[in-house]
Q: 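My questions will all concern the structure given below.
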Amino acid sequence: EFSVTVKSTGQTFLVPAGKSIVQVLAEHGIDIPVSCEQGVCGTCLTGVLQGEIDHRDQYLTPEEQARNTQMTPCCSRSKGASIVLDL
Ligand code: FES
């Protein structure tokens with residue numbers, strides 16, 4: 001598990017194994033638009049301000065993934081204990 005922080009509100013939530021960032025945020029009324037929910041379409045693409053992304057999508061190129069500035073929170077996760085999203 002890891003924590004996800006919404007920069008604009010300062011809210012932090014725990015993301016357990018088996019749940020996506022999108023699912024956890026939706027449970028708290030923060031809706032990120034999704035379509036495929038499998039890391040293919042890029043609809044959920046979100047900026048990342050802090051933390052190391054565990055990319056699990058096929059949407060971003062390896063170069064884009066290496067920049068560590070945006071992620072697909074429908075499936076991608078955090079490598080470290082916390083991640084801060086530009087929401
Ligand atoms: Fe399609 Fe996240 S909803 S990549």
Side-chain angles (χ1 to χ4, degrees):
E1 64 180 26
F2 57 92
S3 71
V4 60
T5 297
V6 177
K7 181 66 177 179
S8 62
T9 64
Q11 292 167 288
T12 297
F13 308 107
L14 214 49
V15 183
K19 270 192 191 173
S20 69
I21 293 175
V22 163
Q23 287 170 335
V24 169
L25 292 184
E27 285 171 5
H28 294 90
I30 300 162
D31 290 314
I32 296 176
V34 291
S35 181
C36 73
E37 296 192 68
Q38 291 178 16
V40 176
C41 69
T43 301
C44 65
L45 198 64
T46 301
V48 175
L49 300 170
Q50 278 178 56
E52 203 184 341
I53 305 159
D54 178 8
H55 290 287
R56 300 193 181 185
D57 65 286
Q58 295 94 51
Y59 176 75
L60 295 170
T61 66
E63 291 77 17
E64 287 170 332
Q65 291 188 347
R67 271 183 226 133
N68 199 61
T69 55
Q70 45 186 2
M71 74 185 302
T72 56
C74 67
C75 58
S76 293
R77 308 184 67 81
S78 173
K79 280 184 183 165
S82 64
I83 198 159
V84 180
L85 299 185
D86 191 8
L87 288 172

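The structure displayed is predicted, hence computed values, not measured ones. We count ligands from 1, going down the list as the structure has it; atoms in each ligand are counted the same way.
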Q: Closer than 2.8 Å to atom 2 (Fe) of ligand 1, do we get an N, O or S atom from Cys44, backbone or side chain?
A: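 Short answer: yes, at least one N, O or S atom is under the cut-off.
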
Q: So which heavy atom in the protein is nearest atom 4 (S) of ligand 1, and how far is it from that ligand atom?
A: Gly42 N, 3.2 Å

Q: Apply side-chain contact (heavy atoms from CB on, under 4.5 Å) to Leu25 and Leu85, showing your working.
A: CA-CA 11 Å; Leu25 292 184; Leu85 299 185; 4.3 Å; yes

Q: For Glu37, take its heavy atoms, then give the atoms of ligand 1 lying under 4.0 Å from any of them.
A: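 Those atoms are 1 (Fe), 3 (S).
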
Q: Are the side chains of Ile30 and Phe13 in contact, using a 4.5 Å heavy-atom criterion?
A: yes

Q: Near Gly39, which atoms of ligand 1 are under 4.0 Å from a heavy atom of that residue?
A: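 Selected atoms, number and element: 4 (S).
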
Q: Verify the neighbour count for atom CD of Gln11: are there more than 12 heavy atoms of other residues, nucleotides or ligands below 6.0 Å?
A: yes

Q: Can you confirm whether Tyr59 sits close enough to Thr43 that some side-chain heavy atom of one is under 4.5 Å from a side-chain heavy atom of the other?
A: no

Q: If the cut-off is 4.0 Å to any non-hydrogen atom of Ser35, which atoms of ligand 1 fall inside it?
A: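 Answer for ligand 1: 3 (S).
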
Q: Using a 4.0 Å cutoff against the non-hydrogen atoms of Cys41, which atoms of ligand 1 qualify?
A: 1 (Fe), 3 (S), 4 (S)

Q: When you measure from the heavy atoms of Val40 to every atom of ligand 1, does any distance fall below 4.0 Å?
A: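 Under 4.0 Å: yes for Val40.
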
Q: Going by heavy atoms in the side chains, are Ser76 and Ile21 under 4.5 Å from each other?
A: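 No - every pair of side-chain heavy atoms lies 4.5 Å or more apart.
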
Q: Could you check whether any side-chain heavy atom of Leu14 comes within less than 4.5 Å of a side-chain heavy atom of Val24, counting everything from C-beta outward?
A: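 Counting from C-beta outward, Leu14 and Val24 never come under 4.5 Å.
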
Q: Checking only N/O/S atoms, does Cys74 have one that is under 2.8 Å from atom 2 (Fe) of ligand 1?
A: yes

